[in-house]
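Below you'll find the structure, written out as structure tokens, and then a few comments.
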Amino acid sequence: MKVKVENISVLDVKCDLLIVNLFKGVDKPGGATLVVDKRLKGAIFNLIKSGEITGKLGETNLIHTQGCLPVTQVLVVGLGESPEFNFDKARIAIAAAVAEAKKIKAKKVATIVHGAGAGGLALPQAAQALVEGALIGGYKYEGYATKRNSEFFNVEQLIIVEAQRPKIKVIKEGVMCGTIIAESVNNARDLVNGPANRVTPTYLLAQAKKVTGVTTKAYSLQQAKALGLEAFYSVSKGSKEPAKFIIMKYGKGKPEIALVGKGVTFDAGGISLKPSKKLWEMKIDMSGAAAVLETMRAISKLGVRKNVVGILPCTENMPDGEAQKPGDVVGSLSGKTIEIISTDAEGRMVLADGITYAKKLGVKKIIDVATLTGACISALGDAASGIMGNDQKLVDQIIEAGKQSGEKLWQLPLLEEYKDYSKSDVADIKNCTESGKAGTATGGLFLQLFAENTDWVHLDIAGTAYLDKGRGYLSDGATGVMVRTLTSWLMG
Ligand code: BES
Ligand code: ZN
Ligand code: ZN
């Protein structure tokens with residue numbers, strides 16, 4: 001879908017479908033909806049009166065224009081209650097409208113910017129949210145089926161119409177940001193939805209190398225071992241698929257911020273083998289790496305003025321004759337030793353070395369992103385990502401960036417008491433506990449030990465990276481979660 005901004009009236013635009021809106025409980029349309037309704041001889045007003053159009057969020061009503069307007073059909077999309085309206089509701093509304101456009105096979109679709117008038121949203125962000133909702137909402141994973149069905153109909157063009165010339169520049173800025181961010185989100189979704197036999201560490205490296213404006217290098221498993229990345233090596237040595245420890249640098253100066261993404265391209269659990277039910281879903285265990293890779297692409301395209309390094313420890317976690325075993329004691333880049341209780345707690349091992357690597361580069365802030373614990377799914381479901389950290393200011397900043405982006409984050413406490421759970425008699429720390437108590441925070445505390453003395457935030461996206469059932473503007477499958485939050489935070 002190509003997005004274009006035009007300085008034209010809704011009465012003059014020529015296309016298959018024109019999208020206008022209505023807030024819930026409004027009995028007389030206003031703004032662009034009123035202008036259109038006058039030409040439609042009060043058709044919208046009459047449908048409101050008869051109760052067919054209610055303005056409920058995401059409700060869509062199609063009206064044939066019968067030659068009253070240059071467009072063939074008008075779609076009235078509900079924006080919900082006006083006091084509750086926000087950027088995310090704007091995303092939901094436009095996504096519902098685009099879904100309807102797809103249904104009626106409208107190739108050329110025009111829309112106004114929803115919510116910037118009566119909705120009270122700032123114009124550039126409203127335009128950005130509009131494009132994000134349309135592009136993220138219009139995503140469908142293409143997969144590898146050799147026969148395509150009609151579900152793949154795509155709206156070819158989305159024209160954002162604005163009659164007032166001075167607003168065009170501002171809208172264009174919002175559209176540019178929204179397009180870049182949404183494309184990165186959808187790229188991340190492709191990586192996560194992709195099967196583990198294709199989306200391998202080698203494939204992720206190839207994708208990272210394609211990001212322009214970013215310098216990318218990677219260590220092979222043998223190089224990683226030689227560098228002392230022992231925790232990463234220990235996870236990876238049980239897999240035949242070549243591992244890659246990827247480093248992406250953006251900005252001219254010394255990196256001040258590190259984004260570390262868990263890149264386990266398939267998590268079988270290792271010797272602590274996972275049960276086979278839904279095991280295929282463990283292809284999503286590189287969602288953190290995908291989010292970091294695509295955030296690097298977005299900030300590069302947006303020209304963000306910060307020095308950022310992306311660190312992506314990428315490997316499979318497999319059972320094998322050479323695999324690490326429960327009871328093993330393993331070193332790490334930090335020098336700290338780890339007692340392996342479960343080889344399935346591999347994410348924190350690869351992240352520990354990722355975090356230490358970032359510290360050695362001298363960064364001031366570290367954000368890690370990982371599908372780390374099943375316990376996070378039990379605690380927060382698929383509606384919020386877990387957030388933990390050693391610096392409350394940084395935690396608050398990321399939560400706020402999430403709010404702006406429509407990605408919910410919920411903080412879990414890293415209590416002193418939980419530290420006892422991971423005390424080891426034979427090493428500095430156990431990689432996990434068998435009690436299952438406070439599983440997500442225990443994961444967080446493990447990482448905190450490696451992040452010590454650096455401001456750090458941990459994002460557990462185990463529940464939010466993948467949806468069994470679509471919701472709002474997100475379809476089932478990969479969500480590309482945290483690309484928007486991280487990009488928004490780095491833009492600020
Ligand atoms: N990749 C999993 C976590 C996960 C589970 C992500 C479900 C997405 C959906 C992680 O490596 C893992 O296996 N964690 C263990 C930790 C335990 C051994 C302490 C878990 O959650 O069971
Ligand atoms: Zn695991
Ligand atoms: Zn895992």
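Each ligand, and each atom within it, is numbered from 1 in the order the structure gives.
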Which protein N or O atoms sit under 3.5 Å from any N or O of ligand 1? Give each pair with its distance.
{"residue": "ligand 1", "atom": "1 (N)", "partner": "Lys262", "partner atom": "NZ", "Å": "3.3"}
{"residue": "ligand 1", "atom": "1 (N)", "partner": "Asp267", "partner atom": "OD2", "Å": "3.1"}
{"residue": "ligand 1", "atom": "1 (N)", "partner": "Asp285", "partner atom": "OD1", "Å": "2.9"}
{"residue": "ligand 1", "atom": "1 (N)", "partner": "Asp285", "partner atom": "OD2", "Å": "2.9"}
{"residue": "ligand 1", "atom": "1 (N)", "partner": "Thr371", "partner atom": "O", "Å": "3.4"}
{"residue": "ligand 1", "atom": "11 (O)", "partner": "Lys262", "partner atom": "NZ", "Å": "3.2"}
{"residue": "ligand 1", "atom": "11 (O)", "partner": "Asp267", "partner atom": "OD2", "Å": "2.9"}
{"residue": "ligand 1", "atom": "11 (O)", "partner": "Asp344", "partner atom": "O", "Å": "3.1"}
{"residue": "ligand 1", "atom": "11 (O)", "partner": "Glu346", "partner atom": "OE1", "Å": "2.8"}
{"residue": "ligand 1", "atom": "11 (O)", "partner": "Glu346", "partner atom": "OE2", "Å": "3.0"}
{"residue": "ligand 1", "atom": "13 (O)", "partner": "Lys274", "partner atom": "NZ", "Å": "2.8"}
{"residue": "ligand 1", "atom": "13 (O)", "partner": "Asp344", "partner atom": "O", "Å": "3.0"}
{"residue": "ligand 1", "atom": "13 (O)", "partner": "Asp344", "partner atom": "OD1", "Å": "2.8"}
{"residue": "ligand 1", "atom": "13 (O)", "partner": "Asp344", "partner atom": "OD2", "Å": "3.1"}
{"residue": "ligand 1", "atom": "14 (N)", "partner": "Leu372", "partner atom": "O", "Å": "3.3"}
{"residue": "ligand 1", "atom": "21 (O)", "partner": "Gly374", "partner atom": "N", "Å": "2.7"}

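Distances from the Zn ion (ligand 2) under 2.8 Å pick out these protein N/O/S atoms: Asp267 OD2, Asp344 O, Asp344 OD1, Glu346 OE1.
Scanning for ring-ring contact (aromatic ring centres under 6.0 Å, His included) contacts around Tyr233 gives an empty result, with sequence neighbours left out. Residues that satisfy the ring-ring contact (aromatic ring centres under 6.0 Å, His included) test with Tyr418, not counting sequence neighbours, are Tyr421.
Between Asp455 and Lys364 no salt bridge is recorded (no basic side-chain N to carboxylate O distance below 4.0 Å).
Atom CG of Leu205 is separated from atom NZ of Lys217 by 12.5 Å, given to the nearest 0.5 angstrom.
The neighbour count for Lys306 NZ, taken as heavy atoms of other residues, nucleotides or ligands under 6.0 Å away, is above 12. No more than 12 heavy atoms of other residues, nucleotides or ligands shown are found within 6.0 angstrom of CD on Glu322. Other residues, nucleotides and ligands place more than 12 heavy atoms under 6.0 Å from the CD atom of Gln392.
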Chi angles and distances behind the ring-ring contact (aromatic ring centres under 6.0 Å, His included) call for Phe245, Tyr357: CA-CA 10 Å; Phe245 190 93; Tyr357 192 91; 5.3 Å; yes
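Residues Gly470 and Asp476 approach most closely at N-OD1, 3.0 Å, considering heavy atoms.
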